[in-house]
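The structure appears below as structure tokens.
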Amino acid sequence: IMRVLVYSWFPVLATQQLGGTQQIVRDLLPKLAMAGIEVIVLCPAARNSELLASTANLRILPVLSDPFSKSRYPYHQQSDLHHLSTALQGVDVVWSIDRPFPLNIAQPVILRLDNFSYEGEVTSFMSFTWDVLAVVSSYLKNVTGAIAGPELWEGEPRPIIVIPNGGDTEHFAPRNPYELCQRLELRGNEPYILFPHRPDPHKGFVVALSALQKLKLLG
């Protein structure tokens, strides 16, 4: 039986999700377990939310310290490293989600990135503590491949592969926008640009609007 250790800085929640990556992980991990793969997930504890339930082949261990806490001290980091080194026993592959894996180990480390926009993702990539980089699009492969080109490595560059996000075609299906346009008082004969994220300043919503405004003035 293959054993996979998943290293996540975000708790794997049963319902409410912190972002697109966590939602994909929530859907994917039980399916890996059902396929006969033994999956161990190390993550922080959830705050006022329920974690994904463990099963025979899926163990969710909320033992990591909160990496975003202001009261994270060196002994928290030491505790994290201890849990990681213990969980690595008998593991075949490590899957790190958006973050650099902090140990030098014999097992191959797969780093998954779905963007190259935030500090955490860029830092995890530039740490080069990965053996395989899995990205969600050919665009990301081209960007990361240009940065980590052949001149960076002694010998063959580490592989960068594309694994697209799967889409739930039952949930995300074409809809008639007429009802939504009425509710939002939008005219149906004008083009609209949808920003596919929550309106959080850190997500670049204001920057996107500013860029569109400048493009409109230029046009």
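- Using a 4.5 Å heavy-atom cutoff, the side chains of Pro108 and Val132 are not in contact.
- Enclosure of atom CD in Glu156 is not indicated, since only 12 or fewer non-hydrogen atoms of other residues, nucleotides or ligands lie within 6.0 angstrom.
- Heavy-atom minimum distance, Trp130 versus Phe125: NE1-O, 3.0 Å.
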Fill in: Derivation of the side chain to side chain contact (heavy atoms under 4.5 Å, CB included) call for Thr144 and Phe116
CA-CA 8 Å; Thr144 53; Phe116 202 61; 4.1 Å; yes
Item to complete: Give the C-alpha distance, both sets of side-chain angles, the deciding distance and a yes or no for side chain to side chain contact (heavy atoms under 4.5 Å, CB included) between Leu13 and Leu51.
Response: CA-CA 4 Å; Leu13 305 179; Leu51 288 173; 4.2 Å; yes
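- Distance check: Arg59 CZ to Leu29 CG gives 13.5 Å after rounding to the nearest 0.5 Å.
- Under the 4.5 Å side-chain heavy-atom criterion for ILVMFWY residues, a single connected hydrophobic cluster contains both Val25 and Leu28.
- The local environment of CD in Gln77 is crowded, with over 12 non-hydrogen atoms from other residues, nucleotides or ligands closer than 6.0 Å.
- Counting only residues at least two apart or on different chains, the ring-ring contact (aromatic ring centres under 6.0 Å, His included) pairs with a member in residues 80-113 are Tyr7-Phe101.
- The hydrophobic cluster containing Ile1, built from Ile/Leu/Val/Met/Phe/Trp/Tyr side-chain heavy atoms closer than 4.5 Å, comprises no other residue.
- Across Arg187 and Glu190, no two heavy atoms sit closer than the pair NH2-OE2, 2.8 Å.
- Considering OG of Ser65 and CD of Gln78, their distance stands at 11.5 Å, rounded to 0.5 Å.
- Applying the 6.0 Å contact sphere to CD of Glu185 captures no more than 12 heavy atoms from other residues, nucleotides or ligands.
- A donor-acceptor contact shorter than 3.5 Å links the side chain of Ser54 to the backbone of Ile60.
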Worksheet item: Run the side chain to side chain contact (heavy atoms under 4.5 Å, CB included) check on Leu103 and Leu88 step by step: do they pass?
Response: CA-CA 10 Å; Leu103 293 174; Leu88 281 167; 4.1 Å; yes
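- Cluster annotation: Ile97 is not connected to Ile110 through the hydrophobic network of ILVMFWY side chains, with a link wherever side-chain heavy atoms come within less than 4.5 Å.
- Closest approach of Ile105 to Val109, counting heavy atoms only: CD1-CG2, 3.7 Å.
- In this structure, the separation between CG on Leu64 and CG on Asp80 is 5.0 Å, given to the nearest 0.5 Å.
- Expressed to the nearest 0.5 Å, how far CD of Glu121 lies from CG of Asn115 amounts to 4.5 Å.
- Sequence neighbours left out, the pairs with a member in residues 42-71 that pass ring-ring contact (aromatic ring centres under 6.0 Å, His included) are Phe10-Phe68.
- Partners of Tyr75 under the side-chain hydrogen bond (donor to acceptor under 3.5 Å, both in side chains) rule, at least two apart in sequence or in another chain, do not exist in this structure.
- Between Asp98 and Ser124, the shortest heavy-atom contact is O-OG, 3.4 Å.
- One distance of note links CG of Leu140 with CG of Asp114; it measures 8.0 Å at 0.5 Å rounding.
- Rounded to the nearest 0.5 angstrom, Gln182 CD and Glu179 CD are separated by 8.0 Å.
- Both Val135 and Met126 are assigned to one and the same hydrophobic cluster, defined by single-linkage of ILVMFWY side chains at heavy-atom distances under 4.5 Å.
- Leu180 and Leu186 fall within a single hydrophobic cluster, where Ile, Leu, Val, Met, Phe, Trp and Tyr are joined by side-chain heavy atoms under 4.5 Å apart, directly or via other members.
- The two residues Leu152 and Ile147 have their closest heavy-atom pair at CD2-O, 4.4 Å.
- Two residues are said to be in side-chain contact when any heavy atoms from C-beta on lie closer than 4.5 Å; Leu58 and Leu52 meet this criterion.
- Under a cut-off of 6.0 angstrom, the local environment of OH in Tyr139 is sparse, with at most 12 non-hydrogen atoms contributed by other residues, nucleotides or ligands.
- Put simply, Leu113 and Val93 are part of two different groups of oily side chains (I, L, V, M, F, W, Y) that touch within less than 4.5 Å, one to the next.
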What pairs of donor and acceptor atoms, side-chain ones from residues 30-45 against any protein atom, are under 3.5 angstrom apart with sequence neighbours left out?
residue	atom	partner	partner atom	Å
Glu38	OE2	Arg3	NE	3.4
Glu38	OE2	Arg3	NH2	3.4

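- When side chains are defined from C-beta on, Val162 counts as touching Pro164, because their heavy atoms get closer than 4.5 Å.
- Partners of Thr129 by side-chain hydrogen bond (donor to acceptor under 3.5 Å, both in side chains), not counting sequence neighbours, listed by chain and number: Ser127.
- Considering all non-hydrogen atoms of both residues, Arg158 and Trp153 come closest at NE-CZ3, 3.2 Å.
- Side-chain atoms of His76 and Asp66, non-hydrogen and from C-beta on, never get closer than 4.5 Å to each other.
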